[in-house]
Structures are given as C-alpha cells and as structure tokens.
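Just below is one structure, and these are the notes that go with it.
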Amino acid sequence: MTLLVADSISISFGGVKAVNQVSFAVKQGELFSIMGPNGAGKTTVLNLISRFYDVDEGNLTFEGEDITQVKTHQVATKGIARTFQNTELFEHETVLSNLLIAHQQHKNTGLFSEMFFLPKVKRQELSFRRRAEDIIDLLDLQGYRDQMISSLPFGIRKVTELARALSLEPKLLLLDEPSSGLNPEETEDLSFWIEDIKEELGITIIMVEHDMNLLSQVSDRVLVMADGSELTTGTPEEATSHPDVIKAYLGD
Amino acid sequence: MLFVFKTAYEQDFGLFKHAIQRNCYLVLLVLLVVAPFVLERFYIGELSELFIWCIAGTGLMLLVGYTGLVSLGHAAFMALGAYTNVILNKYGVPFPISIILAAFFSGACGLVIGVAALRMTGIYLAVATLAFAYIVEKFIGQGGSFTGGHRGFRVENFEYFGVYLNDPVVFYIICLITLLVTLWLLGNLLRSPTGRAFVAIRDSEISAQAMGIDLVRYKTLSFALSAGITGMAGALYAYKIGYLYPETFTIFTSIKLLMLVVVGGLGSMHGIVFGAMFISLLPQIIALVRDLLPIWISQRRGLEPFVFGSILIAFLIFEPKGIYGRWVKIRLFFSQFPMYRKSTFKRQKSFLRTERVH
C-alpha cells in the first residue's frame, strides 16, 4: 500500500529551482532515503512534505488525502512527524516536557478544566507521562529525563529530538540527517534504533542522509537528487552505482 | 544537598516540588494572613499595592516570560479593567461581580487586539501594543461624563453588610485572595497542555508547529488571558488610588510592568513576586536616598526614571535571568558549599540552529 505520493512537486526561491518536478511514492512500512550533493534540495523536499513551504506545482497525497493545502500545524495531527538537521528542541525545558509537548496533540481537555486542574486533566497528564516513559525506555534516555535541553551534549539532543518525533505517534517519520554531528558509536546505535522503529513500531520513514554506511544498511530504496532534480531511484546498490550519480558526486 | 526521590508520576506535576517547599509556603501564607492585624496602616497599604503589582505582573509574565511575546501597552489593559470596574459599580453592579466582568472585558479587548496584532512579532508587536495603549488613553480622555474625561473621577467607596471596601484590612484580604487565586490558576495552566504549548512557542515556533501547535490560536489565547489578568489588577488598583484619570496608566506604567518581569526573572513564577517587590520598593528607596544626595542631583526631575532605566540595563547585561536567577545561584552556592563552581551557570556556546524556514 502506498502511504505518501509526491506527484511532480516543484518549488523555486526567486530564480532558483530548489526542487524541480520530483515524483516518488513511499510504500507503507518502507524506509525511503533521499541523498545527493549539497544544495540538491533534499531538505527542501522534507520541508515541502511537512508543509513549512508551499508547493508551487504538483501534489502531495498522504493516505489517499491531498495534503498540499493543509496548514503546517495540522500535518502532525495527520500523522507526519519530523526532526531537524541541527535540532530544534525547546531549549529551556526538560527532556521530559519536550516529549510531553508532543504527546499532548491527543489532548481532550479545554482551557477551563486545565486552569482548575480538574481530575480529568490529572488523569490525562498521567497517561501522557506513562507514554513518555515508554519512549524514554526505547531510546535509553532515562538518565536525562529531568535535564534541561540547554545543558545536554549534541548527541543526546539528536536522540531527544527523535524521541519527541516518535511521541507524536506518527505513521510517517521524516528524518533530516539523523547522523550529522554524531560520532561512529552513536551512529551505530542510531542505525539499530531506526531499524527498531521501522520493524517494531511499523513506522514508515523518509530519511535524508549523507552517511553511506548508514544509508545502505537501513534503506529499502534511495532517491538521488542533484540541483533540485531526480537522478534515479532504486535500491541502495542500484542508486550508488548509477553512472549519473557517480558523475554528480565526482564530476566527469 | 536535598535529593528528591520520586516514587510516583504525580510528583512530576505537583504544584510544589517537595514537602519542605510546601511547608515553607504554608508558613509564608500564615504570616501574610496574620500581617494585617499586627502591622501599621501604612504597611498594610503598601503590601496591598505589592499584591496588585504581582497580579498585573502575572498577566504580563504569562505573555512575555512564558509565550515569548512582548507588549509595551499593558497599562492600557490595566486602565480598561479599572474603568470598567468603577463604571459598572456606578451603575449598581456589586463589587465581586464587577471585578470579574472587568477582567473579562479587558480579556475580550485583548482577544480583539491579539487577532489583529499577533500577525506581527518582536519589535513590531511592541510598537503596535504601544500604539494601542496610546489610543486607549486618548479614548478615555474624550469619554465625557461616562469616563470623566481628562479630569477623571473619584472612585466611590462601597459598603456591604457593614464592611467598607476601603478599609485597609478588608482591601488587603481581597487583594491577597485575588493574588493567590491568580497564581494558582497560572500554576495549573503551566503544568497542563496549554501552558506547555505557550512555552513551546516561546522556545521555537518552528518546532511548535511541527508538534501540531496552532501558533495563531495559542498566541491569541495567551494575549487574551494576559490582558484579562492585568485588567483585574487594574480593577483593584482603582480602589487603591481612589481617583481615576487617563494619565494614571501611561507608557511609564507599561515600562514598569515590563521591568517587573525582566528584573524579576523571565519565565519564573517566583520572578513575578521578586519583580513586584522591586518595582514597589524602589520608589521608596529612591525617596529615602534623595535626602542624602547633594541638592543639585536630588532636585533634578527624572531622577526616578533614570534610576529605573539604569537598573534595567544593568540587569540585562549582568543578570539576564533576573533576581530569581541570582537567587537560584545563591541557593546552589550554599547547598553545594564548598564545591560550588562558578562555571556551572556559564552560558554555553550555543549550537548552530536550523536555518529559519520562514
């Protein structure tokens, strides 16, 4: 079953065609990677899917529903979560409340019941708290639960951001360079987690990545982009051995 | 050092961190309840005013400290609350109802202004709210007999069941109860989803959106709540000063409020109280020091705004976390003595942030 379809999407900034007529379809349960040299438009594709940018041309369909005009904050409710390349966490909050902010998109309490902290709100807080603990367990964040984000090292921030995205309980997870800034051990942990997320939680993943090892280890299919256009799509081996791809990376 | 061992998830969202903290606040509460019966009239009045500033500060702290939006026009909401309350009283609405209606009216004005002004951010929002405050001031001045115009009017005293509203002890207790209720409501809000959404918007609008938070909705909500609470403070303030005219609430009042939240410590509920103490004590201290200064300084006009301004700048440079931030450091110094390291609070070099998408 197809989860997300991008039908020849384009966007330009001034005269620059950042993404030019790119099409792909991501199947349920698949790990779909996007690679390409700097400035190829990989992150822009993620920004288009998560509706930070408006698509100039083309259509995005998620679970058979057109999401091209959906508001940015509604994307999360539809079941799409994302992480950012250089982390974009809530700095002056603890790891735990970062996760709780993600959990609360399923809240069913109003302003007045929250102001008086009625039993309903308390029960809801407890259920959020329990679910946050599950994610903390999954990603080994127990030691950092009550620490401020501003005091954490970069590697832990990356993991926290992954945890926060998972807390949205998404169907589709967009990872923007999950391994950038991580050391080899951390990258290895990450590759196991990504496989766990895919296999055990059954979440479909679109990942932008530079690390070739990680890429070929975990991805089912790879889309290669250069200068905003699609070069090829295929299995990691097919994609990396394609003559156009080699040319894009190494020149003629 | 004190370690809190958590054994239940409820402890993560209690209003107090641990039993000792709760007991300290209970002692403070008892002292505050006993205070009006032992203190002199003057000090009771000063404390009531301090409570009113705390309430107004709570309103602005919600907006500036927790949602990350700046307003330079919060005096206008105090004015709206004060006038609504007094005018309603004039038409026979009893005090407890009129103060709530005043808060709602002020909040409704905040909602309307918020819808229009919150398309702007940062300095533009500050200027828009400043303009709003100016408009409200002029509007009240032109209100004729309804608002008393530029000459203003005297706030009538009230009597219910033989109790006078302007009796210092009665007024003190009304202010104290209002403050406690306001702080309790804010505390509740901050430990539930809406409060976390505000904080999320303050820290990163991009992430907040990616987490499914509707920026327009929550920013407007925060603005309206903030306006409502500040309006309630204004309603009480009207009875404190006993006479209302448009210049009661000027840009200087707005700046004083903003100073309250910055000097107190942005994003902390303790900061509200510290900040309010600071702005209500400083004029007294200046008045005391004025007598000791040489005459060519002490007789200068504008000495008070000058001192206020210099202290604000000093705080921004040396202690951006405000009095509460300094208090946290002092507390840590004693709890870790002699192991305290100055570098604990050294600001880290921040990591590169994602390029802003908007």
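The structure displayed is predicted, hence computed values, not measured ones.
- Among A/Thr77, A/Val75, A/Leu100, the residue making the largest number of heavy-atom pairs under 4.5 Å with chain B is A/Leu100.
- Proximity to chain B is limited to the side chain of A/Leu168, based on heavy atoms less than 4.5 angstrom apart.
- By number of non-hydrogen pairs under 4.5 angstrom with chain B, the leading residue of A/Glu93, A/Gln124, A/Gln74 is A/Glu93.
- Inspection of the A/Ser50 and A/Arg82 side chains reveals an N or O donor paired with an N or O acceptor under 3.5 Å.
- Residue A/Asn98 does not touch chain B at all, counting heavy-atom pairs closer than 4.5 Å.
- Comparing B/Pro193, B/Ala197, B/Ser207, B/Gly187 by heavy-atom pairs within less than 4.5 Å of chain A, the highest count is held by B/Pro193.
- A/Glu114 and B/Asn188 share no donor-acceptor pair across their side chains, judged by distance under 3.5 Å alone.
- Highest contact tally toward chain B, considering only A/Glu161, A/Lys107, A/Gln105, is held by A/Lys107 [criterion: heavy-atom pairs under 4.5 Å].
- We find that A/Lys78 and A/Glu63 are not joined by a salt bridge, their nearest charged nitrogen and carboxylate oxygen being 4.0 Å or further apart.
- Within the 4.5 angstrom heavy-atom criterion, atoms from both the backbone and the side chain of B/Arg191 approach chain A.
- Judged purely by distance below 3.5 Å, without hydrogens or angles, the side chains of A/Glu88 and B/Ser204 pair a donor atom with an acceptor atom.
- Judged by the 6.0 Å distance and 45° axis criteria, B/Arg331 is not positioned over the aromatic ring of B/Phe334.
- Using cut-offs of 30° and 60° for the angle between ring planes, the A/Phe32 and A/Phe24 rings count as parallel.
- Side-chain N/O atoms of A/Glu125 and B/Ser192 include no donor and acceptor closer than 3.5 Å.
- Side-chain contact of A/Thr68 with A/Arg51: a donor-acceptor pair under 3.5 Å is absent, judged by distance alone.
- The stretch residues 214-228 of chain B places B/Asp214, B/Tyr218, B/Leu221, B/Leu225 near chain A, each with some heavy atom under 4.5 Å from a heavy atom of that chain.
- Of the listed residues (A/Ile149, A/Leu111, A/Val121), the greatest number of heavy-atom pairs within a distance under 4.5 Å of chain B belongs to A/Leu111.
- We find that A/Glu133 and A/Arg130 are not joined by a salt bridge, their nearest charged nitrogen and carboxylate oxygen being 4.0 Å or further apart.
- A cation-pi arrangement is not found for B/Arg326 relative to B/Phe318, the charged atom failing to lie both closer than 6.0 Å to the ring centre and inside a 45° cone about the ring normal.
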